[in-house]
Colleague: 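Just passing along the structure, written as structure tokens.
Quick caveat: nothing in here was measured; it's all calculated off a predicted structure. Counting starts at 1 for both ligands and their atoms, following the listed order.
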Amino acid sequence: MENCIFCKIIAGQIPSAKVYEDDKLIVIKDIEPKAKLHYLCIPKTHFAYFTEMDDDKAETLKYCFQTIANIYKDLGLEDGYRVIINQGENGGQTVKHLHIHLLGGEVLGGF
Ligand code: AMP
Ligand code: ZN
């Protein structure tokens with residue numbers, strides 16, 4: 001997708017601090033961490049919103065969650081972490097390529 005910063009990161013056109021990659025997703029460190037550890041799990045398939053969900057995208061998201069469950073300890077999140085997916089204006093979504101925030105490395109405040 002043209003002009004999508006995460007597609008450019010996936011394509012290697014923009015550098016990132018990548019901590020995991022396979023054929024379906026990457027996990028990178030967030031450039032402006034909101035917690036001691038802050039990662040973004042980014043599917044390689046471009047789509048922005050849950051409203052675009054079809055079987056393929058649902059499979060992709062399922063795979064993301066399964067992968068997170070497999071690698072969270074390697075990311076230093078063994079004591080727990082927060083999973084956030086921002087959606088649209090009111091959700092505070094700034095990058096219109098669906099991604100999963102993983103926050104941890106410390107006790108997080110409530111919201
Ligand atoms: P959201 O606001 O949910 O769309 O999240 C977008 C996130 O991407 C923010 O937390 C940004 O700090 C992060 N971000 C933006 N550009 C980059 C980048 N080049 N590398 C890593 N993280 C980024
Ligand atoms: Zn994209």
Colleague: Among all protein non-hydrogen atoms, which one is nearest to atom 16 (N) of ligand 1, and what is the separation to 0.1 Å?
Modeller: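 That would be Ile5 CD1, 3.9 Å.
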Colleague: Among all protein heavy atoms, pick the one closest to atom 4 (O) of ligand 1 and tell me residue, atom and distance.
Modeller: Thr94 N, 2.7 Å
Colleague: Between the Zn ion (ligand 2) and His97, which N, O or S atom of the residue is the nearest one?
Modeller: ND1
Colleague: What is the nearest protein non-hydrogen atom to atom 19 (N) of ligand 1, stated with its residue, atom name and distance?
Modeller: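 That would be Ile9 CD1, 3.7 Å.
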Colleague: Would you mind running through ligand 1 and noting each atom that sits below 4.0 Å from a heavy atom of Ile28?
Modeller: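 Result: 21 (C).
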Colleague: Please could you name the atoms of ligand 1 that Lys29 approaches to less than 4.0 Å, counting only its heavy atoms?
Modeller: 21 (C)
Colleague: Counting only heavy atoms from other residues, nucleotides and ligands, does the tally under 6.0 Å from NZ of Lys29 exceed 12?
Modeller: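 Counting other residues, nucleotides and ligands, NZ of Lys29 stays at 12 neighbours or fewer.
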Colleague: Which ligand 1 atoms does Glu32 reach within 4.0 Å, using its non-hydrogen atoms?
Modeller: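 Ligand 1 atoms under the 4.0 Å threshold to Glu32: 12 (O).
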Colleague: List every atom of ligand 1 that sits less than 4.0 Å from any heavy atom of Lys34, numbering the atoms from 1 in the order shown and giving each element.
Modeller: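 Per the distance check, 10 (O), 12 (O).
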Colleague: So which protein heavy atom does atom 15 (C) of ligand 1 come closest to, and at what separation?
Modeller: Ile31 CG2, 4.2 Å
Colleague: Looking at ligand 1, does Ile85 have a heavy atom less than 4.0 Å from it?
Modeller: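 Flag not set, Ile85 not near ligand 1.
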Colleague: Can you check whether Lys8's main-chain N or O pairs, donor with acceptor, with Gln13's side chain at less than 3.5 Å?
Modeller: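 Here the side-chain-to-backbone pair does not exist.
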Colleague: Do the ring centers of His99 and His97 come within less than 6.0 Å of each other?
Modeller: no
Colleague: For atom 5 (O) of ligand 1, find the nearest protein heavy atom and state the residue, atom name and distance (0.1 Å precision).
Modeller: His99 NE2, 2.9 Å
Colleague: Which atoms of ligand 1 are found less than 4.0 Å from any heavy atom of Phe6?
Modeller: 8 (O)
Colleague: Pull out every atom of ligand 1 sitting under 4.0 Å from any heavy atom of Gly92, numbered as shown with elements.
Modeller: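 Counting atoms of ligand 1 from 1, those under 4.0 Å from Gly92 are 1 (P), 2 (O).
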Colleague: For Tyr20 and Asp22: C-alpha separation, side-chain torsions, deciding distance, then whether side chain to side chain donor-acceptor pair (under 3.5 Å) applies.
Modeller: CA-CA 7 Å; Tyr20 177 86; Asp22 63 27; 2.8 Å; yes
Colleague: Is ligand 1 less than 4.0 angstrom away from at least one heavy atom of Ile14?
Modeller: no
Colleague: How close does the nearest protein non-hydrogen atom get to atom 11 (C) of ligand 1, and which residue and atom is it?
Modeller: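 Among all protein heavy atoms, the one nearest atom 11 (C) of ligand 1 is Asp30 OD1, 3.4 Å.
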Colleague: Of all the N, O or S atoms in His46, which one sits nearest to the Zn ion (ligand 2)?
Modeller: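 Nearest N/O/S atom: ND1.
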Colleague: Pairing donors with acceptors under 3.5 angstrom, does anything connect the side chains of Asp23 and Tyr63?
Modeller: no
Colleague: Which of the numbered atoms in ligand 1 are below 4.0 angstrom from a heavy atom of Leu40?
Modeller: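 Numbered from 1, ligand 1 contributes 8 (O), 13 (C), 22 (N).
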Colleague: Could you list the residues that satisfy ring pair (Phe, Tyr, Trp, His ring centres under 6.0 Å) with Phe47, not counting sequence neighbours?
Modeller: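 By the ring pair (Phe, Tyr, Trp, His ring centres under 6.0 Å) rule, Phe47 matches no residue at all.
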Colleague: Relative to the heavy atoms of His101, which atoms of ligand 1 are at a distance of less than 4.0 Å?
Modeller: 1 (P), 3 (O), 5 (O), 7 (C), 10 (O)
